[in-house]
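Below is one structure, written out as structure tokens; the observations come after it.
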Amino acid sequence: MKKGLLTMAGVLLTVSLVSAGTTVPVLAEEETTLVYGSGDYTRINPAIDEHGEINILIFNGLTAHDGDNQVVPGLAESWDFDDETNTYTFHMAEDAKWQDGEPVTAEDVKFTIEAIMDPENGSENAPNYEDVEEINVIDDHTVAFKLEDKNVAFLDYMTMAVLPKHLLEGEDMQTSDFFRNPVGTGPYKIESWDEGQATLVKNEDYFKGEPSIDKIVFKIVPDDNAKALQLKSGELDLALLTPKDAAAFADDEAYTCYDMKTSDYRGIMFNFGNEYWQKNRDLIPAVCYGLDRQAIIDAVILGQGMPAYGPLQRNIYNYEDVEHYDYNPEKAKEILEAAGCEMGDDGFYYRDGEKVGFVISVSAGDQVRIDMAQIAAQELKEIGMDVSVEIPAQTDWAGQMAFLIGWGSPFDADDHTYKVFGTDKGANYSGYSNADVDKYLTEARQSADPEVRAEAYANFQKALAEDPAYAMICYIDANYVADSNIKGIDPDTIMGHHGVGIFWNVADWTIE
């Protein structure tokens, strides 16, 4: 057992055995601890911020997802749907408690979803619940949601973490100290959160059963390369690594490598609020044709991924028959020249006296995105576009020209499409707007008929391909590396964005 798998109490204790009149050494039970290499957290606020691997350890939703990404019971043991009134009624477990001992009630559910729906709170999750017309508390453990229109993804969205009304009522949902010391219902609870790490201990009163691992430490290691070094040294027991770093562990029996499929894609997101794209939006297809996606996949993620042409390639509603923008530098140049661009002496195109090109912003610490952006920039330079990469300390959504974005969901097709590409939706950081896209996404979420949904999503994907919001690059695999003593990780689950999903069954994990 390596350094990271701590045996905090595995020491010999001296106990006086009165009956024997002697002193006998007794071995205390080992306290197991798993140290996970985590990205940074400034707060733990699932209502406002979508992406947080730690959320599922601390909180529960009314529903949950299993290893096949299907909806299963969470805080709700069962539910009914009234088709005539578009009403979902959830029947909650009566033995669930907050980690401070208070009972979980339907009022907590109502409070949480209303907080997300309140535009003053600025939640990027708000579009998931915009169809909610009424929330009715029937009794302490029964709550009903009446929807204005059908939303077949609603049960997926009810995996949203329920928050405690008794601790958050009247608090600012953006700045409350609660989100630095959250109290949930989940299998683990916060013991401490210091600079650089959060320590969670198992919730012995967890309503679904006490977890096996005693402690899980989320150690903040924002740099990808540092995660690999700390895993090798035994400072970490589990981490999501780059494919290049994960390869170094493949032949070491002390580690288990999990090369997991994801719905997580990467692409160049254009900021349509930027003046440059307001004048040069017609050049975006040239950017799309100018990317050698397979070369990027081979160089950056060692072939562990697939070229991307749309946001639903790992979904049952993917529509193959759209423009894939396969690498075609000559066609890219034809588009530029047809738009009035002329090649200058410096090897770059000019339009109306202005050099054609832009800056791709990338988040610091994400080496995969940085490498992808740099190769993409070089490929676009080769077709005559002056493209460069910057790594700002903070993302300037309004001011940047483009961003190396990532999205993708393994759940209902509505997730990470409606709120990402819909006009003025909570996660539409590009300012993209297309009336046909809006129409087809709405049609798809309002029908439970698979044939109707398939046609709507096909039309959505065709409209998006004709007017790209992003220059899609690739889907990436999730390369988790774990100490081999950790058992219970599900290697077959299709991961979500940022590899989120690995902890779906963490209460069942063990350390040998």
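We count residues from 1, following the sequence as given.
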State whether the number of non-hydrogen atoms from other residues, nucleotides or ligands found under 6.0 Å of [X] atom [atom1] is greater than 12.
X	atom1	value
Asp40	CG	yes
Asp449	CG	yes
Glu342	CD	no
Asp346	CG	yes
Glu323	CD	yes

Does the pair [X]/[Y] count as a salt bridge with the N-to-O cut at 4.0 Å?
X	Y	answer
Asp149	Arg445	no
Lys462	Asp321	no
Glu337	Lys333	no

Centre-to-centre under 6.0 Å for [X] and [Y], is that the case here?
X	Y	value
Tyr41	Phe179	no
Phe154	Tyr88	yes
Tyr317	Tyr440	no

key: CZ on Arg266 to CG on Asp366, rounded to 0.5 Å   = 6.5 Å
ask   = Within a strict 4.5 Å, meaning less than it, do heavy atoms of the Glu124 and Tyr429 side chains meet?
value = yes
message = Can a side-chain donor-acceptor contact be found between Tyr289 and Glu334 if the only test is distance below 3.5 angstrom?
response = no
ask   = Under the side-chain contact (heavy atoms from CB on, under 4.5 Å) criterion, do Leu168 and Phe111 qualify, and how do the steps go?
value = CA-CA 9 Å; Leu168 274 167; Phe111 169 82; 3.6 Å; yes
